[in-house]
Amino acid sequence: MKIFLDTANLESIRKFNDMGLLDGITTNPSLMSKEGGNPKDAMEEITKIIKGDVSLEVVSTEYSGMMEEGKRLRQYGENVVVKVPMTPDGLKACKSLSFEGIPVNVTLIFSANQALLAAKSGAKYVSPFIGRLDDVGQNGMELIKEIKEIFDHYDYIKTQILVASVRHPLHVIDAAKIGADVVTLPPAVLDKMLQHPLTKIGLENFLADWDKLKSGNPDIEI
Ligand code: E4P
């Protein structure tokens, strides 16, 4: 399963990319707004840091605006995937951009029907928002299972399931068990996945024992 980071924060992107963990990045207007400054600078920088797919989202709501913005966003790099909302105009833009060779991520997916239609429109990715479904009392992971089951029936569907709105590490394990193609993670979730209390205690004990050995013989070194 590929791991994308769901952020426009350059420091986090560099940090996890340096560990070799990132296959791509997803952003959205809220994440851009959170960082402040000129989003163009962030977009340009992210596409340079990351080799894999970088989703950059349009803010127009009608077809021609989405097409113009999509083409402008694509100029930031060959790895740009244009993110469009799951609306009739969004699907029309998805079809046209995909036809022109520009990959599209259809976002704000909340049902299997929406995922099926986005796939029909030629989307490279569909982004079901599982955390936001959980928030309203619907099981987000059940939606991932449903979409996966449907897509697996049809060889012609090449669209990848990008699990979005992830809130905690258990979401990641469940997505991987189902066989989702990609998860996009907030930096805080990726940080939690790295840690385990026994790792911390184990390392502290190793270092304390090494210090004991060294106290008897200060000249030893690795
Ligand atoms: C996906 O690409 C979105 O940017 C994101 O996962 C939305 O998550 P949220 O529900 O935490 O805002």
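Counting starts at 1 for both ligands and their atoms, in listed order.
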Do [X] and [Y] have side-chain N/O donor and acceptor atoms under 3.5 Å apart?
X: Arg167; Y: Ser165; result: yes
X: Thr26; Y: Tyr125; result: no
X: Glu35; Y: Ser33; result: no

Please report which non-hydrogen protein atom sits nearest to [atom], along with the residue it belongs to and the distance in Å to one decimal place.
atom: atom 4 (O) of ligand 1; result: Asn28 ND2, 2.7 Å
atom: atom 2 (O) of ligand 1; result: Lys83 NZ, 2.6 Å
atom: atom 5 (C) of ligand 1; result: Asp6 OD2, 2.9 Å
atom: atom 11 (O) of ligand 1; result: Arg167 NH2, 3.6 Å
atom: atom 12 (O) of ligand 1; result: Arg132 NH2, 2.7 Å
atom: atom 7 (C) of ligand 1; result: Phe129 CE2, 3.5 Å
atom: atom 8 (O) of ligand 1; result: Ser165 CA, 3.3 Å

- Message: Using a 4.0 Å cut-off to any heavy atom of Thr26, which atoms of ligand 1 qualify?
- Response: 2 (O)
- Note on the structure: Here the atoms of ligand 1 under 4.0 Å from any heavy atom belonging to Ala164 are 1 (C), 6 (O)
- Task: Would you indicate whether the side-chain heavy atoms of Ile147 and Ile150 approach each other to under 4.5 Å?
- Result: no
- Message: Looking at every heavy atom in both Val81 and Val104, which two are closest together, and how far apart are they?
- Response: CG1-C, 3.7 Å
- Ser127, portion touching ligand 1 at heavy-atom distance under 4.0 Å: neither
- Message: Can you confirm whether more than 12 heavy atoms, excluding those of Tyr156, are under 6.0 Å from its OH atom?
- Response: yes
- Item | Backbone of Thr27 reached by a side-chain donor or acceptor of Ser55 within 3.5 Å | no
